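The structure appears below as structure tokens.
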Amino acid sequence: MSKKLLLKDAHIEGIRYFETYRKQGGYTAAEKALKMTPDEILEEVKTSGLRGRGGAGFPTGMKWSFLAKPEGVPRHLVVNADESEPGTFKDRYLMEFLPHLLIEGMLISSYCLGSNVSYIYIRGEYSWIPDILEEAIEEAKAAGFLGKNILGTGFDLEIYVQRGGGAYICGEETALLESLEGKRGNPRLKPPFPAVKGLWERPTVVNNVESIAAIVPIIDITGAEYAKIGVGRSTGTKLISACGNINKPGVYEIDMTITVEEFIYSDEYCGGIKDGKKLKACIPGGSSVPIVPANLLLRTVNGEPRYMNYESLADGGFATGTMMGSGGFIVLDEDQCIVEHTMTLARFYHHESCGQCTPCREGTGWMHKILKKIEKGEGKMEDIDLLWDIQRKIEGNTICPLGDAAAWPVAAAIRHFRDEFEWHVKNPELSQTQNYGLAHY
Ligand code: SF4
């Protein structure tokens, strides 16, 4: 059984309220942290090996150490709660059931970074969660954990919740900052990076909800103990939101030493494939990361078991591996059609492109059109090659990672499931009435 650090108290009734959270030991990590110096906290975070839980997996301690500290210029912590990646819903769970864990993490992080005004930017579709967060903020303030001179330390902190308008692109950190400033959420060119010029051109750290929540157990048990959980550079625990054709969709906390096979088939986690079907493929890190067929998902090309961690999932690179990403684990059974699935994703990325750069604005729409044509049985063999060519021209040629996010699913689908694309081309009539999965199993 995986060790639980974030969700250990999630089952306790009333844990979303201050009194219950406090009774379970809540805010003791904050009390401990406020007796430490900011540099000591930073060292603990670095020692923990925590990697950003939003998708990129960049070491959090290193990110914090890049924060510029010009004299007299305010700094900010912004929590990225714009959880819009299809298949990803673990931050929603944290905010809904454990809002004080996030606020305690923000208190420790803001103190470490020197932010007296911090923000939670939350996606518009999570319409009921800002009220939960605002209530928790008020409770924390009434108990002296927010506001002026917190616990007599002289440190002040205000936290504000800002609702987004529902654009996927606002999960990209610079688009988020634009939106938070009240502008259209267009990603900025980098450099300058937010650590130097972020919110209102002030040094800013943008971190995912889960990353900031993880700061609480790191201070609680120490960075060194946190680093002992997990394996290699995949330290600590990770939340995985599992969905698709499985028996037990939900949010699970894993310690990154379990195998993918165990995660899918064990009753502790996904409980196997629904209706006893066969596993066809999986996207383990949210819709942007490459899809992997079952054989390469359960084992690497070298025959080693594949583990639920950053290194093992990526083993083999994009040719045979994938990525941990945001931990949005989407499982597809044998009945699913990869062409249809890829087309749905292409439509999503086209719709969400902000339109600033040509390869993304034009390429995502073009890919969607071609995929639609192939799926309807109206495509030609050359269309598959054209699709491959377009995704190659998008990848790495755009301002922000949405371009890559749109290109990778198409590339992986063609690489691993070209036969399905060809089946649609060769069977125009059948593909109008059936999908590849249903026609083949
Ligand atoms: Fe906008 Fe797409 Fe360019 Fe990102 S890659 S800036 S979403 S057009």
Side-chain angles (χ1 to χ4, degrees), residues 52 54-58 63 78 80-88 91 121-125 162-201 204 206-208 283 285-291 318 323 325-326 328 342-372 386-414:
F58 191 80
K63 188 174 190 174
V78 176
N80 185 345
D82 193 71
E83 187 178 47
S84 313
E85 179 83 354
T88 313
D91 292 339
Y121 182 94
I122 186 164
R123 69 179 295 203
E125 291 89 339
Q162 176 64 43
R163 297 161 204 238
Y168 171 75
I169 195 58
C170 289
E172 194 281 333
E173 62 178 3
T174 59
L176 185 157
L177 295 175
E178 287 284 296
S179 176
L180 194 50
E181 289 178 8
K183 294 181 254 173
R184 189 177 194 271
N186 280 352
R188 299 174 182 168
L189 271 171
K190 292 191 263 190
F193 290 91
V196 179
K197 277 189 177 181
L199 191 62
W200 298 300
E201 303 209 339
T204 304
V206 183
N207 270 141
N208 170 258
I283 306 169
S287 64
S288 307
V289 312
I291 190 169
F318 283 173
M323 286 163 81
S326 61
T342 312
M343 181 194 70
T344 307
L345 289 183
R347 183 176 57 209
F348 171 79
Y349 290 113
H350 177 223
H351 180 73
E352 296 296 341
S353 166
C354 84
Q356 278 192 105
C357 20
T358 311
C360 173
R361 183 186 63 240
E362 301 301 324
T364 51
W366 199 3
M367 289 198 300
H368 176 223
K369 256 190 215 159
I370 296 170
L371 280 158
K372 215 158 60 169
L386 179 60
L387 205 51
W388 180 263
D389 198 41
I390 298 168
Q391 66 78 21
R392 288 281 307 266
K393 293 202 165 74
I394 298 175
E395 189 192 0
N397 292 317
T398 56
I399 294 174
C400 90
L402 190 143
D404 294 349
W408 291 341
V410 174
I414 298 176

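In each ligand, atom 1 is the first atom listed, and ligand 1 is the first ligand listed. Positions are given from 1 along the sequence. Just so it is clear, the structure is predicted and the values come from calculations on it, not from any experiment.
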- prompt: Of all the atoms in ligand 1, which lie at a distance below 4.0 Å from a heavy atom belonging to Gln356?
  reply: 1 (Fe), 6 (S), 8 (S)
- request: Give the residue, atom name and distance (to 0.1 Å) of the protein heavy atom nearest atom 3 (Fe) of ligand 1.
  value: Cys357 SG, 2.0 Å
- request: May I ask you to list the atoms of ligand 1 that are less than 4.0 angstrom from any heavy atom of Ile399?
  value: 6 (S)
Separation of Asp404 CG from Ser288 OG (nearest 0.5 Å): 9.5 Å
task: Give a yes or no on whether the backbone of Gly285 and the side-chain of Ser326 come within a donor-acceptor separation of less than 3.5 Å.
output: yes
- line: Ranked by distance from atom 2 (Fe) of ligand 1, the top protein heavy atom is Cys360 SG, 2.3 Å
message: Please determine whether a side-chain nitrogen of the Lys or Arg among Lys393 and Glu362 lies less than 4.0 Å from a carboxylate oxygen of the Asp or Glu.
response: no
- request: Measure the distance from atom 4 (Fe) of ligand 1 to every protein heavy atom, then report the residue, atom name and distance (to 0.1 Å) of the closest one.
  value: Cys400 SG, 2.3 Å
- prompt: Hey, are Glu395 and Trp408 close enough side-chain-wise for a donor-acceptor pair under 3.5 Å?
  reply: yes
task: May I ask you to decide if Thr88's main-chain N or O and Glu85's side chain share a donor-acceptor pair within less than 3.5 Å?
output: no
query: What's the spacing between His351 NE2 and Ile169 CD1 if we round to 0.5 Å?
result: 12.5 Å
task: Quick one: pull up CZ in Arg361 and NE2 in His350 and give me the separation to the nearest 0.5 Å.
output: 9.5 Å
- prompt: Which of the atoms of ligand 1 are close to Gly403, meaning less than 4.0 Å from one of its heavy atoms?
  reply: 5 (S)
- line: If you scan protein heavy atoms around atom 1 (Fe) of ligand 1, the nearest is Cys354 SG, 2.4 Å
- line: Note: ligand 1 atoms sitting under 4.0 Å from heavy atoms of Gly355 are 1 (Fe), 8 (S)
- request: Please report which non-hydrogen protein atom sits nearest to atom 5 (S) of ligand 1, along with the residue it belongs to and the distance in Å to one decimal place.
  value: Thr398 CB, 3.3 Å
- prompt: Which atoms from ligand 1 have a heavy atom of Ser353 less than 4.0 Å away?
  reply: 2 (Fe), 8 (S)
field: Arg188 side-chain N/O to Gly198 backbone N/O, donor-acceptor pair under 3.5 Å
entry: yes
- request: Indicate, as side chain, backbone, both or neither, the part of Ile169 found under 4.0 angstrom from ligand 1 when only non-hydrogen atoms are considered.
  value: side chain
